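The next block holds one structure in the form of structure tokens; read it before the comments.
What you are looking at is a predicted structure, and each value in this text was computed from that prediction instead of being measured.
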Amino acid sequence: MPKTLNIAVIGAGTMAQAVHLPVLRRRWDRFTIAALVDHSPRRRRESSEVWGIEEDKRFETVADLIAAVRGKTLTIDAALLSTDGLHVEDLLTLMRRGIPVLVEPPVGFSADEVEQVASFERMTGRRMLMMAYPQQYDDSVTRMSEHIPVKDLRMVDHEVLMPASQPLFGSAHVTTASYDLPTEVRSQRRKALQAAVEAGAGDGATQRDRDLYVKGLLTGVAHQMAVIEAAYGPIVRLVAVRHWPKGVIPGSIELLGELDGGAQVRLVWHYLPFAPEYSENVQVLSARRRMRVELPAPSHSEVRSTVSLREKKSGVVQETSTTAPKGAVELMWEAFHAFVEKGKEPVSGAAEAAAQVTLLREVLSSIVGADGRSLEAEEDAEGETSTEETSVAAAPDDAAQDDAAPDDAAAGDETSVGAAPAQAVDGSAAAAGEPEMTVAIAEPGTPGEEAVDVWQLGEQPPADGTVEGPPLDGAAPAAPAAGSPSVDPQVSSAPTPGDLRS
């Protein structure tokens, strides 16, 4: 009989409460919620009461958790890390204790940062990190290459429509966000997150560049890349990128890439805050077959993915459709059990996370470059670097220009993504061996403008610059247009990394 693993849940935010804790409780035969860690006393108390975690199993920090493990008052086999995105320090603390970790992406915001974790794994000779991308383990995704093998692959088209959080988490029992930390602690956390994302995006990045990097790329496109990698391998060459409407963050992002073997990949991610529901579908083409995969949001555990396959046999078009027997999140946790108990390799770990963040940094660089700017800080005549500085919280006028971007950036922290996370960064140009960028560069616009359409399509944003969606951190919410659906203010109005798989 499989061993029951004692799991420490670190970070009691939306993703933990809406996605992971229900599965851990339901799969009592494999997992026990042995401890809960959260920096907010209120959220720690409320979520522990909901999920039945005794008071002596609740901790404020990972250091407190490890102290209990060292004191042999607590036994931990593995951990879920679902905090604010500043993961590396906590990750290394857990890994040095020999505790495998399932981590909500992103691990970090630069290849240099993620490399710290990958280097530790290489040093120990043991993989200890598994990325929490549930749909990498979905039956429909894992069987895609059975229906259309890599050798027959012509094109993969993957589109996600991301609404605000209410359609994603409205049916889940999630305790409200808590701001009960002392002011100095909150300020320190905010500054750490801001410094981290500045390092991750580059010294020359504006606040909007950083928001786009975190809220659109690392919490949106990253999920799509993970799904494609699980089915057909990673993108090996970036062909083109575009981002629109102009001035809207995170807006819509489109990426063309190439897989090993020459098959083309098109990823499209739209943040549509007033969309009625989440939608994700993958279309795969070969010379003979067309396959369509529909993937539900991981928080909708009762909904299953489906695969439809169309082909022509004996002059007749035939279509078959199958539904996955289990939810993606449950399958991911089963895979994590096998990872911890038997050492089975995860689909994505530290090495894959480093490659992913490198490619996404190139995507950001291409979008910014199309605007005639660079992510590298420019030196002025006196040799001092000069960059556009923006306050941690976007001013109301600026915030009103942005789509309601993913806050709660790493699924659980209450610090705004406007001051979003990241840590040590590689701000340099692409190193030898990294994916080659081939894009059509638009004519430079006014320095500092964002969201340039690299392909220069004819579509233009509204002349008045209005955008749909609530403002960013600290700004007063704009009133929705007449007839627009309202967003529950108690639930984050923006997606998290986990919302996309996750």
Answer yes or no: is there an ion pair linking [X] with [Y], defined by an N-O contact shorter than 4.0 Å?
X      : Y      : result
Glu146 : Arg143 : yes
Arg43  : Asp38  : yes
Asp29  : Arg27  : yes

Within 6.0 Å of CG in Asp180, more than 12 heavy atoms from elsewhere:
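Buried by this count: over 12 neighbours within 6.0 Å.
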
Residue Glu55 excluded, over 12 heavy atoms near CD under 6.0 Å
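Atom CD in Glu55 is not packed in, count stays at 12 or less.
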
Restricting to pairs with a member in residues 126-137, which pass salt bridge (Lys or Arg N to Asp or Glu O under 4.0 Å), not counting sequence neighbours?
Arg127-Glu345, Arg127-Glu352

Side chains of [X] and [Y] only: does a donor on one sit below 3.5 Å from an acceptor on the other?
X      : Y      : value
Ser348 : Gln136 : yes
Gln188 : Glu184 : no
Ser119 : Arg122 : yes
Asp90  : Thr93  : no
Gln207 : Gln194 : yes

Quick check: closest heavy atoms across [X] and [Y], and the distance to 0.1 Å?
X      : Y      : result
Gly257 : Leu255 : N-CD2, 3.9 Å
Val236 : Asp260 : CG2-N, 3.7 Å
Ala354 : Ala111 : O-CB, 4.1 Å
Val62  : Ile10  : CG2-CG2, 3.8 Å
Trp269 : Gln224 : CB-OE1, 3.3 Å
Asp138 : Ala324 : OD1-CB, 4.1 Å

Given Val23 and Phe31, is the side chain to side chain contact (heavy atoms under 4.5 Å, CB included) satisfied, shown in steps?
CA-CA 9 Å; Val23 171; Phe31 306 101; 5.7 Å; no

Using side chain to side chain contact (heavy atoms under 4.5 Å, CB included), reason through Glu254 and Leu267 one step at a time and then give a plain yes or no.
CA-CA 6 Å; Glu254 185 171 15; Leu267 307 180; over 6 Å; no

Side-chain donor/acceptor of [X] to backbone N/O of [Y], under 3.5 Å:
X      : Y      : result
Asp77  : Asn6   : yes
Ser299 : Leu168 : yes
Ser145 : Tyr232 : no
Arg208 : Ile249 : no

Any chance you could measure [X], atom [atom1], to [Y], atom [atom2], to the nearest 0.5 Å?
X     : Y     : atom1 : atom2 : value
Glu60 : His39 : CD    : NE2   : 9.0 Å
Lys3  : Thr32 : NZ    : OG1   : 10.5 Å
Trp51 : Glu49 : CH2   : CD    : 14.0 Å
Thr4  : Trp28 : OG1   : CH2   : 8.5 Å
Ile7  : Leu24 : CD1   : CG    : 6.5 Å
Met15 : Thr83 : CE    : OG1   : 13.0 Å

Report yes if some heavy atom in the side chain of [X] is under 4.5 Å from a heavy atom in the side chain of [Y]; otherwise report no.
X      : Y      : answer
Ile367 : Tyr213 : no
Met332 : Leu102 : yes
Val293 : Met144 : yes
Ser47  : Leu36  : yes
Gln356 : Leu360 : yes
His243 : Val241 : no
Arg373 : Thr206 : yes
Leu92  : Arg96  : yes

Please verify the inter-ring angle class for His223 with Tyr133; under 30° counts as parallel, over 60° as perpendicular, anything in between as tilted.
tilted

Parallel, tilted or perpendicular: ring planes of Phe336 versus Trp333, cut at 30 and 60 degrees:
perpendicular

Residues Tyr137, Val329; criterion side chain to side chain contact (heavy atoms under 4.5 Å, CB included); working and verdict
CA-CA 8 Å; Tyr137 301 90; Val329 179; over 6 Å; no

List the steps and the verdict of side chain to side chain contact (heavy atoms under 4.5 Å, CB included) for Glu113 and His87.
CA-CA 10 Å; Glu113 184 183 8; His87 287 154; over 6 Å; no

